[in-house]
Amino acid sequence: MKTLAAALVLFAGSALALPDPRFDGKPDAAAPVVKAKASAAAISEADSRVWVELEAPDKAARQAAVNAGISVEEVKPGTAAGFATPKALARAKAAGLKVRTTVSLRQRFGALDFPEKDAVYHNYKELESDMRSLAARAPDLVSIFSIGKSTLGKDLWAARLTKGAKGSQPSKKPGIVFMGTHHAREHLSTEVPLLLAKHLVDNRAEPEIARLLETRDIYFIPMVNPDGAEYDIEGGKYHMHRKNMSKNADGSTGVDLNRNYAWGWGGGGASPDPGDDTYRGPSAFSEPETKAVKAFVEARPNLKTLISYHTFSELILYPWGGSDAQIPDAKALAAFRAMAGEMAKMTGYTAEQSSDLYVATGDTCDWAYAEKGIFAFTFELTPKSMWDGGFYPGAAAVQRVFQANIRPALYLIDLSDDPLRAAKGASVFASAPASKSQGEATK
Ligand code: 0X9
Ligand code: ZN
């Protein structure tokens with residue numbers, strides 16, 4: 001395993017290539033593995049954000065960083081790192097946080113090559129076309145429809161996979177929805193739900209999958225934020241964009257869609273400053289994209305489970321995220337823990353309550369569980385760290401990450417009829433009784 005100090009050599013010329021007092025050149029189990037050249041990106045001259053690494057020995061420090069308006073993306077023993085506007089950085093310093101390193105986005109990412117093979121990722125048009133082909137390939141099973149329009153007027157496409165119902169026809173079958181790309185730069189989170197939908201169609205004759213397609217109502221919304229995702233790849237370059245493309249009153253662009261849901265909206269970990277990456281928006285559900293998800297969910301009381309895919313860090317998170325409190329229903333909490341623990345075993349990811357990462361209000365899963373009783377999980381997909389590619393892990397990640405996420409998806413589809421049975425380990429897709437799972441062990 002290479003140390004971070006060794007990794008820094010790869011970024012010669014970057015301000016990060018400084019001696020790091022934490023590392024002495026000896027192998028360090030806590031240091032991230034450097035697999036390959038990291039992300040490739042070109043950042044606009046006007047983008048004044050920095051990548052900042054802060055001393056953060058505990059959650060209180062991480063929380064102070066989030067509360068200052070920094071989008072914390074990487075948590076390691078003793079530190080937290082993420083993107084900050086100059087104002088957010090000043091707030092963090094004023095809050096007493098110690099800055100280890102800052103580096104402008106141009107310095108950090110601007111000099112790297114564009115990855116040729118990233119063409120495997122789907123842009124908006126390619127996504128629409130693939131979803132339509134899927135429906136054409138299995139018209140008895142797949143229907144495609146729009147759940148509403150984005151800020152800039154793009155259709156927000158959904159695919160529905162079930163026997164006997166199409167489009168917006170109601171169903172009494174237990175339902176599940178897989179969503180991707182609330183955050184623009186998290187392109188892998190579009191690929192996973194899209195490939196899962198294809199996988200179900202390709203393997204529809206397999207008895208267990210055939211049973212799920214017969215007895216469950218399965219939805220995929222792979223790109224909740226198409227305007228942001230398209231902007232992020234505009235000009236064949238990555239822009240490190242997180243939010244949607246709403247124009248804010250102060251002239252800045254974008255609302256963080258994962259801070260715009262109503263549950264706890266306006267509380268901690270969500271910025272009131274429109275320029276910040278974690279800007280919560282002017283009001284709960286102010287954005288067309290979150291409004292569309294809300295309407296979609298509200299029209300389908302049969303939805304029982306949900307995964308919102310994000311990147312990165314390899315985590316499986318369950319509510320609450322907006323509060324350190326545990327969800328009050330002990331049986332539901334046991335089921336959440338059992339499911340998260342089981343899916344963590346399947347993927348090698350880490351299961352935890354969302355707020356253990358940091359408290360952030362207004363996210364999808366808190367709202368879905370609080371308002372609708374939906375067992376909702378945030379998956380932070382591969383890679384583990386910024387050094388392994390961060391938001392832009394390259395083409396090779398797509399198949400690997402999709403493969404790792406098939407079984408958890410089947411498991412959750414299966415449990416959608418009665419998520420509480422997770423605590424008894426009652427799924428054919430579970431690897432072992434849930435009582436022995438990671439989730440149970442932490443109780
Ligand atoms: O901050 C987020 O929205 C998610 N992480 S990301 O790097 N994809 O932006 C995590 C959301 C977890 N939810 C809460 N902590 N509330
Ligand atoms: Zn995200």
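Order of listing sets the numbers, starting from 1, for every ligand and every atom in it.
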Of the backbone atoms (N, CA, C, O) and the side-chain heavy atoms from C-beta on, which set of [X] has a member under 4.0 Å from an atom of ligand 1: side chain, backbone, both, or neither?
X: Leu317; result: side chain
X: His182; result: neither
X: Phe312; result: neither

Item to complete: State whether Trp265 and Arg259 meet the cation-pi test: NZ (Lys) or CZ (Arg) under 6.0 Å from the six-membered ring centroid, and within 45° of the perpendicular axis.
Response: no
Worksheet item: Which atom names give the shortest non-hydrogen contact between Phe312 and Glu380, and what distance separates them?
Response: N-OE1, 3.3 Å
Worksheet item: So, is His182 placed with an N/O/S atom under 2.8 Å from the Zn ion (ligand 2), counting both backbone and side chain?
Response: no
Worksheet item: Short check: any N/O/S atom of Glu186 below 2.8 Å from the Zn ion (ligand 2)?
Response: yes
Worksheet entry | Sole candidate of Asn244, Asn258, Asn260, Thr364 that passes side-chain hydrogen bond (donor to acceptor under 3.5 Å, both in side chains) when paired with Thr290 | Asn260
Just distances here: any N/O of [X] and N/O of ligand 1 closer than 3.5 Å?
X: Glu186; value: yes
X: Ala360; value: yes
X: His183; value: yes

Item to complete: Specify which N/O/S atom of His310 comes nearest to the Zn ion (ligand 2), by atom name.
Response: ND1
Worksheet entry | Which N, O or S atom of His183 lies nearest to the Zn ion (ligand 2), by name | ND1
How close does the nearest protein non-hydrogen atom get to [atom], and which residue and atom is it?
atom: atom 4 (C) of ligand 1; answer: Glu380 OE2, 3.1 Å
atom: atom 7 (O) of ligand 1; answer: Glu73 OE1, 2.9 Å
atom: atom 15 (N) of ligand 1; answer: Tyr358 O, 2.9 Å
atom: atom 9 (O) of ligand 1; answer: Arg242 NH1, 2.5 Å
atom: atom 13 (N) of ligand 1; answer: Asp363 OD2, 2.8 Å

Item to complete: Determine, for Lys304 against Asp417, whether the closest basic-nitrogen to carboxylate-oxygen distance falls under 4.0 angstrom.
Response: no
So, for [X] and [Y], is the gap between ring centers shorter than 6.0 Å?
X: Phe285; Y: Trp367; result: yes
X: Trp263; Y: Tyr369; result: no
X: Phe178; Y: Tyr219; result: no

Worksheet item: Is it the case that Thr190 and Thr181 place a side-chain donor and acceptor less than 3.5 Å from each other?
Response: yes
Worksheet item: Between Thr151 and Glu289, is any side-chain donor less than 3.5 angstrom from a side-chain acceptor?
Response: yes
Item to complete: In sequence, state the C-alpha distance, the side-chain angles, and the governing distance for Tyr238 and Phe391, and then conclude on ring-ring contact (aromatic ring centres under 6.0 Å, His included).
Response: CA-CA 10 Å; Tyr238 292 129; Phe391 298 111; over 10 Å; no
Worksheet, complete the sentence: Which of Arg62, Arg242, Arg49 passes salt bridge (charged side-chain N to carboxylate O under 4.0 Å, His left out) with Glu73? Answer is Arg242
Identify, by atom number and element, the atoms of ligand 1 in contact range of [X], meaning under 4.0 Å from any of its heavy atoms.
X: Asn258; result: 2 (C), 3 (O), 11 (C)
X: His310; result: 8 (N)
X: Thr311; result: 7 (O), 8 (N)

